[in-house]
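Both ligands and their constituent atoms are indexed starting at 1 by order of listing. Computed from a predicted structure; not experimentally measured.
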Amino acid sequence: MAFELPPLPYDYKALEPLISASTLEFHHDKHHAGYVTNLNKLVEGTELANKSLEEVILATANDQTKAGIFNNAAQVWNHTFYWNGLKKDGGAPSGELAEKINASFGSLDEFKKQFKEAGATQFGSGYAWLVLDNGQLKVVKTPNAANPITNGQTPLLTADVWEHAYYLDYQNRRPDYLQTFLDQLINWDFVAEQYAKAK
Ligand code: MN3
């Protein structure tokens with residue numbers, strides 16, 4: 001069965017004016033869709049075609065001859081995860097997750113500071129992530145399509161810092177996009193769900 005493009009989990013206008021409908025249309029309907037199309041072409045007729053997306057990512061992560069498959073599979077995964085972590089005015093961390101953030105970073109503000117720094121300093125394309133790593137929350141950044149699951153870490157949240165994620169709305173101001181993401185666009189219920197499954 002071919003890999004499929006999940007629908008955007010909200011209306012194209014749902015994040016306006018913080019992320020425009022134009023950005024979401026291009027980002028989901030062109031970029032994300034393109035990765036799905038490419039992945040299906042690359043795995044057609046191979047044993048990878050019948051594996052889960054996670055299995056494909058883990059099976060190809062350290063094989064340079066399969067870099068194209070890895071890049072497209074990871075991009076499909078990363079984008080679906082990114083969409084699900086976005087919600088306009090998505091609340092604040094509460095309960096156990098809030099306690100864990102305070103225990104791991106000292107405060108929510110310090111988490112935001114580290115996450116913004118990670119995203120802003122990722123040279124070129126990539127992602128900033130909140131992950132659970134051996135029971136600890138950490139902020140990490142990855143280049144290009146790379147995904148922390150290949151390092152044994154469990155993603156709880158990601159921000160896409162490829163230019164296509166923010167350029168129409170923020171031009172070159174990646175730190176401003178990240179600050180808006182951190183203050184107004186995190187779906188904290190989604191993060192809490194990921195944490196509850198992983199802890
Ligand atoms: Mn993207």
Extract all donor-acceptor atom pairs below 3.5 Å that involve side chains of residues 87-96 and protein atoms in other chains or at least two apart in sequence.
unit_1: Lys88; atom_1: NZ; unit_2: Glu16; atom_2: O; d: 2.5
unit_1: Glu96; atom_1: OE2; unit_2: Lys199; atom_2: NZ; d: 3.2

Original post:
So, His27 versus Trp83, ring centres under 6.0 angstrom or not?
Top reply: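 They qualify: ring centres under 6.0 Å apart.
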
Original post:
Hey, would you say the Tyr35 and His79 ring centroids sit under 6.0 Å apart?
Top reply: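 That pair passes the under 6.0 Å test.
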
Can you give each donor-acceptor pair under 3.5 Å made by side-chain atoms of residues 106-113, sequence neighbours left out, with the distance rounded to 0.1 Å?
unit_1: Ser107; atom_1: OG; unit_2: Glu110; atom_2: N; d: 3.0
unit_1: Glu110; atom_1: OE2; unit_2: Gln114; atom_2: NE2; d: 3.1
unit_1: Lys112; atom_1: NZ; unit_2: Asp183; atom_2: OD1; d: 3.0

**OP:** May I ask you to list the protein N, O or S atoms found at less than 2.8 Å from the Mn ion (ligand 1)?
**Re:**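 Per the 2.8 Å query on the Mn ion (ligand 1), atoms found are His27 NE2, His79 NE2, Asp160 OD2, His164 NE2.
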
Subject >> Residue pairs passing the side chain to side chain donor-acceptor pair (under 3.5 Å) test where at least one lies in residues 127-141, sequence neighbours excluded >> reply: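 For residues 127-141: Gln75-Tyr127, Thr121-Lys141, Trp129-Thr142, Asp133-Lys138, Asp133-Gln153.
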
**OP:** Could you tell me whether Asn62 atom CG has more than 12 heavy atoms of other residues or ligands within 6.0 Å of it?
**Re:**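 It does not: Asn62 CG has 12 such atoms or fewer within range.
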
